[in-house]
Amino acid sequence: MTGAELQQMLDAHCQDMKNNMPGFLFYGILSCTDGSILSKASADETTSKIIEEGSAFHLTIVNQVKQVLITNSTIKDLELDYILTETSKITFMLMISALGKFFSITALDRAKSNVGISRALLYKCKAEFGTMLDDFF
């Protein structure tokens, strides 16, 4: 698979997530190395801009939770999988790839979202794309 083919597949995947998540605001796939966005879909430009500007902070959250797991010696073999953050208006879902090289960020309108459906879609895409993306890079 070429880089261009992978990019087309990721872009199509982001659009599928946009079309199938109730309360959708934003979905993006980011690198755990620097927080750069590989692909994204958004309900509008304002939401996209806000989340893109905060991508470094989301990467910090991922890295801090990883550190908590590493330092917790009483529970062995914990791996970061998924982080859920809810605000009064937005639900953020961070899904970490199997090898931890990438993560997705999903932002949903809390009043209109269905966390169960969205989470199921995230786990489905993690199984389909996560390992492939980890292996490609």
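Across every non-hydrogen atom of Leu59 and Ser31, the tightest pair is CD1-O, 4.2 Å. Nearest heavy atom pair, residue Arg110 against residue Thr87, reads NH1-O, 2.8 Å. Across all their heavy atoms, Glu79 and Leu69 have their closest contact at C-CD1, 3.9 Å. The two residues Met93 and Leu84 have their closest heavy-atom pair at CG-CD1, 3.8 Å. The minimum heavy-atom distance linking Gly100 with Lys66 is given by the pair O-NZ, 3.4 Å. Closest approach of Phe24 and Ala41 over heavy atoms only: CZ-O, 3.3 Å.
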Decide yes or no on side chain to side chain contact (heavy atoms under 4.5 Å, CB included) for Ser104 and Leu122, but give the supporting numbers first.
CA-CA 8 Å; Ser104 66; Leu122 290 172; 3.9 Å; yes
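Counted by atom type alone, Asp44 and Thr47 present one or more donor-acceptor pairs between their side chains at under 3.5 Å. Between the side chains of Gln15 and Asn19, no donor-acceptor pair is found at a separation under 3.5 Å.
Distance OG/Ser39 to NE2/His13: 8.0 Å, rounded to 0.5 Å. Distance check, rounded to the nearest 0.5 Å: CG of Leu25 to CD1 of Ile105 gives 11.0 Å. Between atom OG1 of residue Thr91 and atom CZ of residue Arg119 there is a gap of 13.0 Å, rounded to the nearest 0.5 Å. For the atom pair CZ of Phe102 and CG of Leu38, the computed distance is 5.5 Å after rounding to the nearest 0.5 Å. Between Lys89 atom NZ and Asp109 atom CG the span is 9.5 Å, to the nearest 0.5 Å. Here CD of Glu86 is found 9.5 Å from CG of Leu108. Values are rounded to the nearest 0.5 Å.
One hydrophobic cluster, built from ILVMFWY side chains closer than 4.5 Å, holds both Tyr123 and Ile29. When the side chains of ILVMFWY residues are joined at heavy-atom separations under 4.5 Å, either directly or via intervening members, Ile117 and Met21 end up in a single hydrophobic cluster.
Using modelled atom types, one side-chain atom of Ser97 and one backbone atom of Lys101 make a donor-acceptor pair closer than 3.5 Å. Lys18 places a side-chain N or O within donor-acceptor distance of the main-chain N or O of Ser42, the cut-off being under 3.5 Å. Judged by distance alone, the side chain of Thr2 and the main-chain N or O of Glu5 form a donor-acceptor pair under 3.5 Å.
Contact check for Ile37 versus Glu52: side-chain heavy atoms found under the 4.5 Å cut-off.
The ring-ring contact (aromatic ring centres under 6.0 Å, His included) pairs that include a residue from residues 43-91 are His58-Phe92, where partners are two or more places apart or lie in different chains.
Ionic pairing of Lys126 and Asp81 is present here: one or more N-O contacts between side-chain nitrogen and carboxylate oxygen are shorter than 4.0 angstrom.
Partner Phe103 forms a side-chain contact (heavy atoms from CB on, under 4.5 Å) with one of Val62, Ile61, Leu80 and no other, that one being Val62.
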